[in-house]
Amino acid sequence: MVKFGIEFVPREAHWKTIFYAIQAEKRGFDNLWITDHYNNRNVYVILAEAAFYTKKIVFGPGVTNPYLVNPVMTAQSMASLDELAPGRVVLGIGAGDKTTLAATGVEMRKPLTAVVETIEIFRRMIEGKTVSFEGKVFKAMGTKFNFKPRGQIPVYVGAQGPKMLKTAGKIGDGVLINASHPKDVDYAVGRIKLGVEEAEKKLTDVDITAYTSFSVHKKLEKATQAAVPVVAFIAAGSPNVILERHQIDVKKVDKIRGALRAGDFGGAFGSVSPEMVEAFSVSGTPDVCIEQINRLLKAGISQFVVGSPIGPNVRKSIDLVSKTVIPHFKK
Ligand code: F42
């Protein structure tokens, strides 16, 4: 049965995120993902609070990166979190968001290698081993915890590029695909499959997760309107190959890119077309969302993540998803 996850960007006060997390758990969500960017609230502070205020939801960073947080510190944070909520934590790790990383001046060197090495160090530390590791990006020279970690923690890899997707299939317990459209998920699953085969695993051994931009409201117009700002940023950040996959005019997206660079948000959002909303979000009435989720299920996902903006009113939209969308798939 498909799992439902929910993503929160902790740019709001901690108690608001936790309020929504409690609501999501009560309303039947299986997974809680908190994004990690230096310019929002700290992901582990929010997750620690979530550990105390929730009982069964599975949660973790979605996703942290190896550049701002060294692999041993990721292992330490996750092992500590696992003591607060035994067996309920999962690690989401990715290369890191280029734009926010650029602002810190930290160089994003060999992102694929960095993610692979992080997972290697992470897993060994979590198993309580003394880690001696000499990678191309990271080193661990006899690192070991002064406490006994509880043991294995599943690792989900945030991936978009062809190599990262394949690697995620090969070494990940799950993959977080940043996509909302079956065309993109189809492509991703094809790449993940290659990695799964290389590791002699089954596709069902990997939790294939669509990390979507989602917006639901009883009125279609209100749902899609709420998705527009997020879609503008996704379209602007999409490589041209993805725009071409959706037959979106690159010139129109260049206009959005220019407006965003100039700080003209009105102009940027005003240039978002219905095709862009279709390509880069799951948005609409509950029935429309159900239809779109069905298409993603056919493309091969096992977890659907309700991501930003969730809807014009987050609290009401969580309720609406829980009353209409989740029961459709979990009856
Ligand atoms: N990023 C954040 O910073 N915070 C978040 O909360 C967050 C959430 C999130 C959720 C789901 C998801 O899928 C992604 C998310 N991201 C988040 C973004 C994530 O951190 C990455 O930026 C995003 O997934 C894009 O990365 P990518 O998978 O496309 O990989 C990039 C870096 C890439 O270039 N991949 C190439 C590929 O083909 O997949 C591989 C490049 C390669 O092989 N490099 C070589 C190597 O060894 O690393 C080196 C080549 C050389 O230069 O020598």
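Just follow the structure's listing: the first ligand is 1, and inside any ligand the first atom is 1.
Counting the atoms of ligand 1 from 1 in the order shown, those under 4.0 Å from a heavy atom of Gln160 are 23 (C), 24 (O), 25 (C), 27 (P), 28 (O), 29 (O). Numbered from 1 in the order shown, with element, the atoms of ligand 1 that lie under 4.0 Å from a heavy atom of Ala95 read 20 (O), 32 (C). Near Met164, the atoms of ligand 1 lying under 4.0 angstrom from a non-hydrogen atom of the residue are 28 (O), 30 (O), 37 (C), 39 (O). Residue contact check: Tyr211 has heavy atoms under 4.0 Å from atoms 10 (C), 11 (C) of ligand 1. Ligand-side atoms of ligand 1 in range of Thr35: 6 (O), range being under 4.0 angstrom from any heavy atom. Taking a cut-off of under 4.0 Å to the non-hydrogen atoms of Leu112, the atoms of ligand 1 that pass are 42 (C), 43 (O), 46 (C), 48 (O).
Nearest protein heavy-atom contact of atom 14 (C) of ligand 1 is Asn178 ND2, 3.4 Å. The single protein non-hydrogen atom nearest to atom 37 (C) of ligand 1 is Lys163 N, 3.4 Å, given as residue, atom name and distance. Of the protein's non-hydrogen atoms, Gly96 O, 2.8 Å is the one closest to atom 22 (O) of ligand 1. The protein heavy-atom contact nearest to atom 29 (O) of ligand 1 is Gly161 N, 2.9 Å. Among all protein heavy atoms, the one lying closest to atom 1 (N) of ligand 1 is Asp97 N, 3.5 Å.
The heavy-atom pair separating Leu203 from Val196 by the smallest distance is N-CG1, 3.6 Å. Taking every heavy atom of both residues into account, Lys330 and Asp30 meet most closely at NZ-OD2, 2.6 Å.
Within a 4.0 Å radius of atom 20 (O) of ligand 1, the protein contributes one or more non-hydrogen atoms. Within a 4.0 Å radius of atom 51 (C) of ligand 1, the protein contributes no non-hydrogen atoms. Shown here, atom 33 (C) of ligand 1 is out of close reach of the protein: none of its heavy atoms lies under 4.0 Å off.
Residue Trp33 is tested with Phe59, Tyr156, Phe8 for a ring-ring contact (aromatic ring centres under 6.0 Å, His included); the sole match is Tyr156. If you run side chain to side chain contact (heavy atoms under 4.5 Å, CB included) between Val230 and each of Ser283, Ser215, Ser213, only Ser213 comes through.
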Would you check, one step at a time, whether the test side chain to side chain contact (heavy atoms under 4.5 Å, CB included) holds for Val321 with Phe29?
CA-CA 10 Å; Val321 180; Phe29 281 89; 4.0 Å; yes
Does the side chain to side chain contact (heavy atoms under 4.5 Å, CB included) test come out yes or no for Phe280 and Leu243, once each step is laid out?
CA-CA 10 Å; Phe280 298 123; Leu243 301 177; 3.9 Å; yes
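Proximity of a side-chain donor or acceptor of Arg88 to a complementary backbone N or O of Thr54 within less than 3.5 Å is detected. Judged purely by atom type and a 3.5 angstrom limit, Glu117 uses its side chain to pair as donor or acceptor with the backbone of Phe138. For Glu25 (side chain) and Lys56 (main-chain N/O), a donor-acceptor pair under 3.5 Å exists by modelled atom type.
Counted by atom type alone, Thr17 and Arg41 present zero donor-acceptor pairs between their side chains at under 3.5 Å.
Residue Val216 is grouped with residue Ile293 when hydrophobic side chains (ILVMFWY) are merged at heavy-atom distances under 4.5 angstrom, including chains of intermediate members.
Ligand 1 is approached by Val63 to a heavy-atom distance shorter than 4.0 Å.
Comparing heavy-atom distances from atom 41 (C) of ligand 1 across Ala168, Pro66, Pro111 singles out Pro111 as nearest.
Residue-environment remark: NZ (Lys183) exceeds the threshold of 12 foreign heavy atoms within 6.0 Å.
In this structure, Ile248 CD1 and Glu275 CD are separated by 7.0 Å, a value rounded to the nearest 0.5 Å.
Considering backbone and side-chain atoms alike, Lys98 places every N or O at 3.5 Å or more from each N or O of ligand 1. Polar contact with ligand 1: present for Lys110 (N/O pair, distance under 3.5 Å). Of the N or O atoms in Leu176, one or more lie within a sub-3.5 Å distance of an N or O in ligand 1. When only interatomic distances are considered, the shortest N/O to N/O separation between Met108 and ligand 1 does not fall below 3.5 Å. Residue Gly62 has at least one nitrogen or oxygen atom sitting less than 3.5 Å from a nitrogen or oxygen atom of ligand 1, judged on distance alone. The N/O atoms of Asp36, backbone and side chain alike, include one that comes under 3.5 Å of an N/O atom in ligand 1. Considering backbone and side-chain atoms together, Thr113 places an N or O closer than 3.5 Å to an N or O of ligand 1.
Residue Lys136 does not touch ligand 1, judged by heavy-atom distances below 4.0 Å.
Under 4.0 Å is where a charged nitrogen must lie from a carboxylate oxygen, and between Lys251 and Asp254 no such pair does.
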